Amino acid sequence: MNDKVMLRHGDGGKHTSLLIKDIFYKHFHNDMLVNSLDASVFDGNHGRLAFTTDSFVVKPLVFPGGNIGKLAVCGTINDLVTAGAKPLYLSCGFIIEEGFDMELLEKIAVSMRETCRRTGVKIITGDTKVVEKGAVDGVFINTSGIGGLQANYQSKSIQEGDQIIITGGIGEHGTTIAVERYGIKVEGNIKSDCRPLNHVLEKLNPYIGSIKLMKDPTRGGLATALNEILEVSGRGIQLLEKVIPIAGEVKSINELLGLDPLYHACEGRMIIVVDTEKAKEVLGDIRRCEGCEDAAIIGSFLSAGLPSKVVMETVIGGRRIVGPLEGDMLPRIC
Amino acid sequence: MSRKMDKDLLTHLINGVNAMATEEIKIMEVCGTHTQMIAKFGLRTLLTPKIKLLSGPGCPVCVTEEKYIDWVIEILNKYNVTVATFGDLMRVRGGRGSLLEEKGKGKNVRVIYSPLDLIEMAEKNRGKQIVFLGVGFETTAPIIALAIKTASVKGIDNLYFLTSIKLMAPILHYILQEANHQIHGFICPGHVATIKGSDYFKFINREYHIPAAVCGFEAIDIVAGVYYLVKQIVQRKEEAFANLYKRCVSPQGNRTANVLIEEVFNIVDGEWRGIGNIENSSLQIKEKYARFDARKAFVVENQQVKVSMGCDCKDILLGKKTPKECKLFKDRCNPMGPLGPCMVSTEGACAIAYRYGEEV
């Protein structure tokens, strides 16, 4: 095998087939994938299904805690999970820049395989294109996913007093990317929270009737996701800053850069809106999930008459509005 | 200090301020980071409306002249260079657009965090000319000076600095000399004081008889500063000055940093965006290091471009208006489409007022 991806790897002929066999089939191996031609055919159960798609163009391609491949699998799995679906099958499309390092491509495929293995999800169809140097930046990945709804979950209307749970420390992915992107030299173990959340959904099974809504705070972070939930619910949100879980190193790095963890993407966290009566029980069970030890109830919904805004009680007891992200966050001068 | 004690002390100080302030008191915080922290803590919602906290001209991006951005764009278009910049300059508009737009057109613009990374960048890309946008106050001046000096010692010949470094004391003199400034007390910028020393700001009460305090950036630092100032103002102690940030600020400041500044820079007149020319308010690279000065290495048109944004940024920077009093605020000028400089940076008074919303 070549050590670089060449244009001919995308010509649809022998080299394409070699690339697919040597990297993708090797790592994503399953009967459905290997035996399929242009599409994979599978038996449906007769329940409700969820279907989603997402494209990944992260830079840098490899970062502490993951890489673009792991992110592409987790991202789509988590979108299914927030719809209340058990993820079953994924498709993945690669758009690769000519000259891309073959070893890195394999590394990306391996981490996708590992994430699939851990979650019991299969990649059952895919596509590979190679484009001229400069046409994309390294590699772009698209994944689509299908999942079966768990216990016929559906989102419900949000009421006054409904509690908001976040499943762990926020801002870790976005901060990790900022550190890498701006070349900040920090000693420590800051890494992306990129992880699949299907195990959290399994834990929620007994409470599914009390779960009002789930959402993963990816682009735009917790603040933007809460503002989106607010749009849907039509109710204001009261947040308590001092209980929002943020790792010490995430806090310090963002203070240094002049960025705000509330607006950084999380790639392995979920916001769960729960009926107030069940909230503590749900929280207890979530905290027993791997990687969710710091989960917390961070706020609640207000009565319908109050302004429809996210209002936060600050660490010193003041109040401020938490709006959605507008424009990219850029590090400040001093 | 424990969190509990911190909280108790905070409550005590805030109650004290609210009890003392029976008439309107205007306090200016000069530094953009202070403005941001005040909004982030929601401090205004805890203080009586009689206390007016005004933002000063201490956001470096906000006071960088339009002409400067135009120069950068001209250099990018005329010469095959890489421009390295601090992040928040990316969105600032000059007369001809912003760096973000230039990057979108395929120009080589890179965001860096520390000027010292420039040395490595220049050494790794010997065939490429790199222009660093050295913007800021006395705070960033020493590190930019150190980068220039290091480049000189290492014989690096592909690195240039387009500087726009402003000085804090001259702009404060300018504000204080305005007859109708109405400011009762100053929270002096803690970062600048770390470099220049607390004595650098003593002229505020020595010459203008207004209380001032150097403060840090934690909630307790800022609240203690407000408490101290309100107490002096109420008791009419015009000569009062305090350094409340002793854990970082000494009376004389950081000697090494100041020696560096003096070695590399001259003091010259400076153009402040929205305000105009102020005598002896800017730093320029000395003749000894002229080969690193982008203004000398690249030919740029030096014509005065007058760009009127139609907003009240000048009055806001000088403490005469609050962001919400500007007619363009929010609808026509917002972080997605900033017209005035105060809306551009995360530390700009208008961007902060927009993002955090002053009253809830």
Side-chain angles (χ1 to χ4, degrees), chain A residues 59 134 137 175 177-186 220 223-224 227 236-244 251-263 302 306-334, chain B residues 3 6-7 10-11 14 31-33 36 38-47 59-61 64 85-91 100 110-114 117 120-121 135-140 143 191-192 217 219-220 222-223 334-338 345-347 351 354-360:
Chain A
K59 211 169 129 187
D137 198 352
T175 306
I177 296 296
V179 165
E180 294 290 307
R181 197 173 286 170
Y182 301 121
I184 317 296
K185 294 178 183 71
V186 284
T224 308
N227 276 278
I237 290 175
Q238 166 85 35
L239 278 186
L240 202 52
E241 186 173 24
K242 69 177 178 201
V243 297
I244 298 175
K251 249 183 216 167
S252 320
I253 291 168
N254 283 293
E255 267 170 32
L256 185 77
L257 287 173
L259 303 176
D260 189 340
L262 286 176
Y263 293 90
L302 302 170
L306 291 166
S308 179
K309 288 190 186 309
V310 180
V311 178
M312 182 162 79
E313 186 184 318
T314 69
V315 278
I316 66 164
R319 289 185 315 281
R320 70 171 167 94
I321 291 170
V322 177
L325 179 66
E326 292 191 39
D328 263 353
M329 281 198 292
L330 293 163
R332 63 155 182 246
I333 288 178
C334 67
Chain B
R3 189 172 272 189
D6 229 15
K7 188 93 213 293
L10 262 176
T11 311
I14 288 169
C31 173
T33 310
Q36 196 178 17
I38 287 167
K40 238 177 148 170
F41 289 130
L43 184 56
R44 285 187 180 85
T45 63
L46 295 172
L47 294 174
C59 154
V61 163
T64 299
T85 176
F86 292 126
D88 42 5
L89 264 185
M90 292 291 284
R91 265 197 292 263
L100 206 58
R110 280 184 54 182
V111 171
I112 63 156
Y113 186 70
S114 168
D117 295 340
E120 200 185 316
M121 198 172 151
V135 169
F137 293 111
E138 290 93 332
T139 337
T140 48
I143 191 106
H191 292 141
V192 173
F217 299 90
I220 192 80
I222 298 171
V223 171
N334 52 57
M336 294 300 275
S345 167
T346 48
E347 302 214 329
Y354 182 93
R355 184 135 71 100
Y356 297 116
E358 281 177 28
E359 291 98 33
V360 183

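To find a chain, count down the sequence lines: A is the first, B the second, and so on, and within it residues start at 1. Model, not experiment: these values are computed from the prediction.
- For A:Asp260, there are no side-chain hydrogen bond (donor to acceptor under 3.5 Å, both in side chains) partners two or more places apart in sequence or in a different chain.
- At least one donor-acceptor pair under 3.5 Å links the side chain of B:Tyr113 to the backbone N or O of A:Leu256.
- Residues that satisfy the side-chain hydrogen bond (donor to acceptor under 3.5 Å, both in side chains) test with A:Tyr263, not counting sequence neighbours, are absent from this structure.
- A donor-acceptor pair under 3.5 Å links the side-chain atoms of A:Arg320 to the main chain of B:Lys40, judged by distance alone.
- Of the inter-residue distances, the one linking A:Glu241 atom CD with B:Phe41 atom CZ reads 8.0 Å to the nearest 0.5 angstrom.
- We find the CD1-CD1 distance between A:Ile316 and B:Ile14 to be 5.0 Å, quoted to the nearest 0.5 Å.
- Among B:Leu47, B:Asn334, B:Leu46, the residue with the largest count of heavy-atom pairs under 4.5 Å with chain A is B:Leu46.
- Pairing each heavy atom of A:Tyr182 with each of B:Val111, the nearest pair is CE2-CG1, 3.2 Å.
- Contacts between B:Phe217 and chain A at a heavy-atom distance below 4.5 Å are absent for every atom of the residue.
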